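First the structure, in the form of structure tokens, and then the observations on it.
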Amino acid sequence: MLWGIFKHLLVRLVQLLCLIIVLVATAKVLLFGFALYAENNKQTIESWASTVVGTRVQFSKIETYWAGITPRLWVRHLTLGEEEKLTLGDALVGINLGALPRWKENLPINIHLTGTHIQVLRDATGKTRISGLPMPTGGNSKLPAYVFLEDASIDLQDKRRGARIHQGYLSVKLFTRGNHSSLDINSRERGLQIRGEINGSISAGNWSGLFWSQGRGLQTKQLLQAYLPDNYLLSNLQLNFQAWSYWEQGQHRSTRVVVDLDKVNLHTPDNQALKFTDLQADLLYEKHDYGWKLQLRDLRMNANAHQWRDTSMAVLMQQGKLLLGISQIDLQGTAKLLPLLPRDDETRKLLETLSPSGLLTSIHAGIDLKNPASTPVFYSE
């Protein structure tokens, strides 16, 4: 009895092993055949891929090999686009066996990109796009189970302001299981980290997500310089920050940013310098159906050896009305900022003559933006 059961199991096991051997051998033959076809029909594959992706696809060659029981496919020097190109670098594609049970929701593959270079462009009208990236078609495309970008670089260019910032040696990982994705970005060159948890379809746009980011000692002078008036210069700028952001249905809802700037100098057109040795702030932006709100808490600032008292502020836009509230204004500290204004500015001349000191507390203001003829209302307790 036992021998019969054992013999039956042994026969089934042999049959299963034979089936696996046949399948693996067939897969190897097919993969080898595809490699030969790819080598001799490069333009045909590029044309087919361009039709599927919606923009021109180019690569130098395709290589294949096996790792364990799964095939691997190398696509060398892969680029998207024609006039504006998105350089994806070398792409390694393999089967993700653990993702096979979710094949209806995710592509059961791993994609490893090396040497990817991304250009984010903001044109003169304020529109932002990724150079070479095809426009979304509105479909609900499946995401790969795992995407890994190694030694990637990104260039941010604001043509409207002439600003540019480069971030290299980035490691980007995107894990997707069903309708949930986890994002992890790190910089080997600088202290930048980004984490994200995303629910919903990223490709379709109906997603929600929470993001956290942190930067330590970031050199952002070149980016921020472009947003200053002409002939104002920054030096010794290193940015430390933490940020938390929430998105709902593909729309930005709120962001909180804690900023810490140390030893930054601002040079004015008349060769005066403002030295900030301690600048810290906690900002919160929230977007609602009826408008938006901006809060500034715990503003600390030491400008030209004058320590400002902690200040808070709130701005509310609601139904065409702008409401402003400030906890206090340090008049003596404000006078320290007068070099920011041109020497011939009437406000600067007046305040320099008055030499104000003391505190204004509980300042409130209201402006009706729907009625340009209305007079703003200001009062202080």
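On a predicted model such as this, the values are computed, not experimentally measured, just so you know. Only this structure's heavy atoms are used, side chains among them; waters, hydrogens and symmetry mates stay out.
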(request) Please report the closest heavy-atom contact between Leu323 and Gly366, naming both atoms and the distance. (result) CD2-CA, 4.1 Å
(message) Is there a path of hydrophobic side-chain contacts, each under 4.5 Å between heavy atoms of I/L/V/M/F/W/Y residues, joining Leu316 to Leu324?
(response) no
(message) Looking at Ser327 and Ser312, would you say the former's side chain and the latter's main chain have a donor-acceptor pair under 3.5 Å?
(response) yes
(request) Kindly compute the distance separating OG (Ser208) from CD1 (Ile198), expressed to the nearest 0.5 Å. (result) 10.5 Å
(request) Working to the nearest 0.5 Å, report the span between CZ of Arg300 and OG1 of Thr311. (result) 11.5 Å
(request) Using the test salt bridge (Lys or Arg N to Asp or Glu O under 4.0 Å), find all partners of Arg195 that sit at least two apart in sequence or belong to another chain. (result) Asp184
(request) Using the test salt bridge (Lys or Arg N to Asp or Glu O under 4.0 Å), find all partners of Glu248 that sit at least two apart in sequence or belong to another chain. (result) Arg253
(request) Might you point out which heavy atoms bring Thr116 and Leu88 nearest each other, and give the distance in Å? (result) OG1-O, 2.8 Å
(message) Using 0.5 Å steps for rounding, measure from the CG atom of Leu261 to the CG atom of Asn240.
(response) 7.5 Å
(message) Would Phe175 and His180 count as a ring pair (Phe, Tyr, Trp, His ring centres under 6.0 Å) here? Give the steps.
(response) CA-CA 8 Å; Phe175 299 87; His180 182 80; over 10 Å; no
(message) If you apply the rule side chain to side chain contact (heavy atoms under 4.5 Å, CB included), what do you find for Asp155 with Ile118, and how did you get there?
(response) CA-CA 6 Å; Asp155 276 311; Ile118 301 172; over 6 Å; no
(message) A side-chain contact here means heavy atoms from C-beta on lying under 4.5 Å apart; do Leu183 and Ile185 qualify?
(response) yes
(message) Applying side-chain hydrogen bond (donor to acceptor under 3.5 Å, both in side chains) to Gln328 and Thr361, what does each step give before you reach the verdict?
(response) CA-CA 4 Å; Gln328 60 185 11; Thr361 59; over 6 Å; no
(request) State, yes or no, whether a side-chain contact exists between Leu279 and Leu299 at a heavy-atom distance under 4.5 Å. (result) yes
(request) Take atom CZ of Arg216 as the centre, draw a 6.0 Å sphere, and report whether it contains more than 12 heavy atoms from other residues, nucleotides or ligands. (result) yes
(message) Contact between Trp244 and Val257 at the side-chain level, heavy atoms closer than 4.5 Å - yes or no?
(response) no
(request) Please list, chain by chain and in numerical order, all residues satisfying side-chain hydrogen bond (donor to acceptor under 3.5 Å, both in side chains) with Thr268, sequence neighbours excluded. (result) Asp270
(message) Working to the nearest 0.5 angstrom, can you tell me the gap between Phe211 CZ and Ile194 CD1?
(response) 9.5 Å
(message) Applying a strict under-4.5 Å side-chain criterion to I, L, V, M, F, W and Y, I'd like to know whether Ile329 and Met301 cluster together.
(response) yes
(message) Minimum heavy-atom separation for His252 and Trp247, please, with both atom names.
(response) N-CE3, 3.3 Å
(message) Tell me whether Leu296 shares a hydrophobic cluster with Val258, the cluster being built from Ile, Leu, Val, Met, Phe, Trp, Tyr side chains joined at under 4.5 Å.
(response) no
(request) Compare all side-chain heavy atoms of Met313 with those of Gln295 and state whether any distance is below 4.5 angstrom. (result) no
(message) Is there a path of hydrophobic side-chain contacts, each under 4.5 Å between heavy atoms of I/L/V/M/F/W/Y residues, joining Tyr246 to Leu283?
(response) no
(request) Considering non-hydrogen atoms only, spot the tightest contact between Arg256 and Asp282 and give its length. (result) NH2-OD2, 2.7 Å
(request) Of all the heavy-atom pairs spanning Phe276 and Leu266, show the shortest one and how long it is. (result) CE1-CB, 4.3 Å
(request) Establish, from distance only, whether the side-chain atoms of Ser245 and Thr255 form a donor-acceptor pair under 3.5 Å. (result) yes
(request) Would you check, one step at a time, whether the test ring pair (Phe, Tyr, Trp, His ring centres under 6.0 Å) holds for Phe148 with His112? (result) CA-CA 5 Å; Phe148 175 35; His112 182 179; 4.8 Å; yes
(message) Are Leu284 and Val315 linked, directly or through intermediate hydrophobic residues, by side-chain heavy-atom contacts shorter than 4.5 Å (ILVMFWY only)?
(response) no
(request) Determine whether the side chains of Thr87 and His117 contain a donor N or O and an acceptor N or O closer than 3.5 Å. (result) no
(request) Test Gln167 against Ser187 for side-chain hydrogen bond (donor to acceptor under 3.5 Å, both in side chains), laying out the working first. (result) CA-CA 8 Å; Gln167 184 74 47; Ser187 173; 2.9 Å; yes
(request) First locate atom CE of Met317, then atom CD1 of Ile367, and finally report the distance between them rounded to the nearest 0.5 Å. (result) 8.5 Å
(request) Please list, chain by chain and in numerical order, all residues satisfying side-chain hydrogen bond (donor to acceptor under 3.5 Å, both in side chains) with Gln238, sequence neighbours excluded. (result) none
(request) Kindly give the heavy-atom pair with the smallest separation between Phe241 and Ser213, and that separation in Å. (result) CE1-OG, 3.4 Å
(request) Would you mind reporting whether Ser181 and Leu174 have side-chain heavy atoms less than 4.5 Å apart? (result) yes
(message) In the structure I gave you, are the side-chain heavy atoms of Leu359 and Asp330 within less than 4.5 Å of one another anywhere?
(response) yes
(message) Return the OG to CG distance between Ser235 and Asn265, rounded to the nearest 0.5 Å.
(response) 4.0 Å
(message) Under a 3.5 Å threshold, yes or no: a donor from one side chain and an acceptor from the other, between Asn302 and Gln307?
(response) yes
(request) Taking side-chain hydrogen bond (donor to acceptor under 3.5 Å, both in side chains) as the test, write out the residues that go with Lys61, two or more places apart. (result) Glu63
(message) Contact between Leu170 and Leu149 at the side-chain level, heavy atoms closer than 4.5 Å - yes or no?
(response) no
(message) Can you see whether Trp212 engages Gln242 through a side-chain donor-acceptor pair at a distance of less than 3.5 angstrom?
(response) yes
(message) Do Leu239 and Val259 make a side-chain contact, defined as non-hydrogen atoms from C-beta onward lying under 4.5 Å apart?
(response) yes
(request) Could you tell me which residues satisfy salt bridge (Lys or Arg N to Asp or Glu O under 4.0 Å) with Asp90, sequence neighbours excluded, listed by chain and number? (result) Arg76
